[in-house]
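What follows is a single structure, written as structure tokens, with notes after it.
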Amino acid sequence: MSFIQINNLTKKHTNRRGSKRSPADVAAPGEMITVLDDINLEFEEGEMVCILGPSGCGKSTLLRIIAGFDTDYDGEIVIEGEKVESASSEHIFVFQQNGLLPWMSVWDNVELGLRNVEDVEKKNEQIQEYIDLVELNGFEYNLPAELSGGMQRRAELARALAVKPDILYLDEPFTGLDYFTHLKIREEVVNIHEYIGKTMIMVTHFIEDALVMADRIVILSEMPTSVKMTRTLDFPRPRNINTNKEMGDLRDEIFLMLGVSYVA
Amino acid sequence: MDRVNFKKSDGSTGFEFKAMILSRSFWLPIFSAFLAILIWEIIALYSNMGEHVFPGPVAVLSAFDELFSNGALIKHSVASLYRVTVGFYLAALLGIPLGIILGLNRTLSEMVDPIVQFLRPISPLAWIPLAMLWLGIGDKPAIFLIFLSSFFSLIMATTVAVKSINPIYFQVAANFNFSRLELLTKVIVPAITPDVITALRLTVAVAWLVVVAAEMIAVQSGLGYLILDSRNALRMDFVMVGMIVIGWIGLSLDLIMQKFSRLKWTAYS
């Protein structure tokens with residue numbers, strides 16, 4: 001049995017829009033829309049999985065369901081043999097944006113996952129360790145709003161990692177970052193994965209990120225979303241999409257699959 | 001160890017006395033106030049209405065001195081402030097928690113919201129007959145009217161503030177296994193504080209408007225009573241003193257609330 005199992009996951013919700021969203025959108029206002037249509041997936045422990053798909057396809061919805069934030073669906077999510085019924089502090093979610101509590105300093109945010117540690121000295125040591133890990137020393141007592149987007153993302157990573165979670169969920173963690181910061185944070189996530197070896201599931205619409213980072217990629221279709229393809233990647237690391245011909249070909253193949261025929 | 005430091009990076013607290021004395025924004029209001037008083041004096045002198053009907057600033061100043069030195073002004077101001085404080089605190093103490101509950105419970109808010117919406121636009125002054133009948137004469141009906149003036153607005157503002165909390169923060173709370181108490185103290189209260197303080201600032205102004213009106217009817221003290229009593233004695237200079245003090249206190253209340261809104265728990269917004 002696999003570490004994470006997604007069995008026959010189907011998610012529907014009522015169309016709350018006042019008018020039709022697009023000509024392809026078959027549901028009228030008030031009708032049920034199928035967001036996720038019979039998804040079956042299995043992930044192994046320690047795997048870095050990237051879930052790719054066109055925007056609005058329900059990637060984030062899928063991740064939220066796996067994380068236990070949303071329990072209104074058919075089918076089941078089983079992690080380590082147990083059915084997921086609510087969010088757990090052993091599986092930490094890194095949000096696309098605004099995941100830090102804005103009224104708490106970086107220090108207090110990182111402390112959230114460690115607040116039940118009795119030994120204060122040990123706790124403070126751990127908090128400092130993870131703040132140092134993401135190179136935010138000197139910004140411990142700053143509020144999130146005083147940090148740049150990249151620093152906020154790093155602070156959230158520190159908060160997530162400090163818990164020593166079994167699984168890390170990353171919901172488009174590079175959204176809203178400039179390209180350079182994007183690459184820096186990507187590198188950091190890859191390093192953290194190599195270093196800690198935790199299971200990570202990341203949702204993204206950047207195909208190249210998925211190819212560089214993932215042990216396995218899952219490609220989703222447009223709504224109603226189903227799994228179009230899964231592929232295990234065993235390219236040697238560090239990966240470079242520009243020099244590895246095989247990776248380049250795979251990228252073009254995925255682009256084609258998602259409906260982009262010409263890639264510069 | 002002091003982890004929270006909201007001073008600016010240059011070490012100043014943002015308040016420089018010397019710069020203030022020299023600044024335009026300090027002198028212009030003082031200048032315009034003098035101008036207004038001057039115009040008031042000129043109109044009073046040439047209006048042919050006589051000192052008893054339209055007293056000028058000099059007459060009002062001497063009336064102020066009279067009321068201040070015989071203690072009446074302090075007594076009435078304290079009486080008014082006492083009623084506003086009690087009524088306003090009661091409204092905040094009941095209204096804010098109730099607003100939080102309504103903001104979290106959709107069924108309850110769908111039930112109670114229409115009632116709040118219906119009662120809110122009824123002027124507290126319309127309650128005067130009932131308030132006097134139910135609570136008699138004295139502080140009680142006045143405090144009740146102040147309470148009404150703030151209560152419904154505070155419920156509504158708090159409910160809206162809770163409902164507009166970014167759902168991500170609740171997911172973070174779920175992810176880190178927050179207890180109900182932690183959810184309240186670490187997420188809900190800090191998230192709504194800026195909005196609630198703004199609401200308090202608006203409602204204290206309304207409460208202050210209402211106290212004066214309430215005192216003209218139900219009680220024998222307070223600035224409202226001072227004005228009414230002075231009108232009966234045909235002392236328009238006392239009436240004007242009452243009005244001016246009401247203005248001052250209203251302004252001070254607003255300044256105090258502004259200070260509140262700059263406290264550290266709102267520094268993030």
Side-chain angles (χ1 to χ4, degrees), chain A residues 60 63-71 84-116 120-121 124 127-128 131 139-147 152 155-156 159-160 162-163 165 167-169 171, chain B residues 1-14 96 100 103-104 106-107 110 158 161-198 260-269:
Chain A
S60 292
L63 198 63
R64 268 155 214 270
I65 287 175
I66 302 173
F69 292 142
D70 184 352
T71 50
V84 173
E85 263 148 11
S86 63
S88 152
S89 57
E90 278 150 26
H91 311 151
I92 299 295
F93 199 99
V94 176
F95 292 86
Q96 193 176 125
Q97 241 155 17
N98 301 320
L100 296 167
L101 296 182
W103 41 84
M104 290 183 180
S105 64
V106 169
W107 180 280
D108 291 343
N109 264 292
V110 175
E111 195 180 359
L112 283 184
L114 299 167
R115 64 196 193 288
N116 295 328
V120 177
E121 220 165 272
N124 288 346
I127 296 170
Q128 194 64 56
I131 289 178
F139 296 96
E140 286 88 345
Y141 312 126
N142 285 80
L143 292 171
E146 296 167 331
L147 306 179
Q152 290 180 21
E156 216 189 315
R159 183 179 74 182
V163 185
I167 307 170
L168 211 57
Y169 301 113
D171 184 10
Chain B
M1 190 163 61
D2 185 15
R3 284 209 196 110
V4 189
N5 185 0
F6 288 95
K7 277 188 181 170
K8 293 185 178 164
S9 50
D10 60 356
S12 74
T13 50
I96 294 171
I100 292 177
L104 293 175
R106 208 168 138 197
T107 316
E110 276 167 0
T158 313
V162 172
K163 280 182 180 168
S164 62
I165 297 176
N166 190 335
I168 285 180
Y169 303 145
F170 288 103
Q171 291 175 349
V172 170
N175 206 173
F176 286 94
N177 286 351
F178 278 23
S179 66
R180 275 169 169 260
L181 183 68
E182 282 176 317
L183 186 67
L184 187 71
T185 57
K186 289 187 176 162
V187 177
I188 296 168
V189 170
I192 64 171
T193 299
D195 287 351
V196 168
I197 288 181
T198 306
F260 252 113
S261 65
R262 291 189 200 128
L263 284 181
K264 67 165 192 175
W265 347 290
T266 61
Y268 73 88
S269 62

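Here is how names work: the chains are called A, B, and so on, in the same order as the sequence lines, proteins then strands, and each is numbered from 1. A quick note: this is a predicted structure, and the numbers were derived from the prediction, not measured.
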Taking all heavy atoms of B:N177 and all of A:R115, pick out the closest pair and write down the distance.
O-NH2, 3.2 Å

Donor-acceptor pair, distance only, cut-off 3.5 Å: does the side chain of A:W103 make one with the backbone of B:K186?
yes

If one checks every heavy atom of B:F170 against chain A at 4.5 Å, the contacting part turns out to be neither

Side chain / backbone / both / neither for A:Q97 at chain B, heavy atoms under 4.5 Å:
backbone

Looking only at heavy atoms, which two atoms of A:N98 and B:I168 are closest? And how far apart?
O-CG2, 3.6 Å

If you tally heavy-atom pairs under 4.5 Å against chain B, which of A:S88, A:A87, A:P102, A:A145 wins?
A:P102

Indicate the atoms forming the closest heavy-atom contact of B:F176 with A:I92, along with that distance.
CE2-CD1, 3.9 Å

Checking heavy atoms, do the side chain of B:A173, its backbone, both or neither come under 4.5 Å from chain A?
neither

Which distance, rounded to the nearest 0.5 Å, do you find between the CG of B:N175 and the CZ of A:F95?
6.0 Å

Surrounding CD of A:E121 (heavy atoms of other residues, nucleotides or ligands, distance under 6.0 Å), is the total greater than 12?
no

Check whether B:N166 gets within reach of chain A through its side chain, its backbone, both or neither, counting any heavy atom under 4.5 Å.
side chain

Is it the case that over 12 heavy atoms from other parts of the model lie below 6.0 angstrom from the CZ atom of A:F139?
no

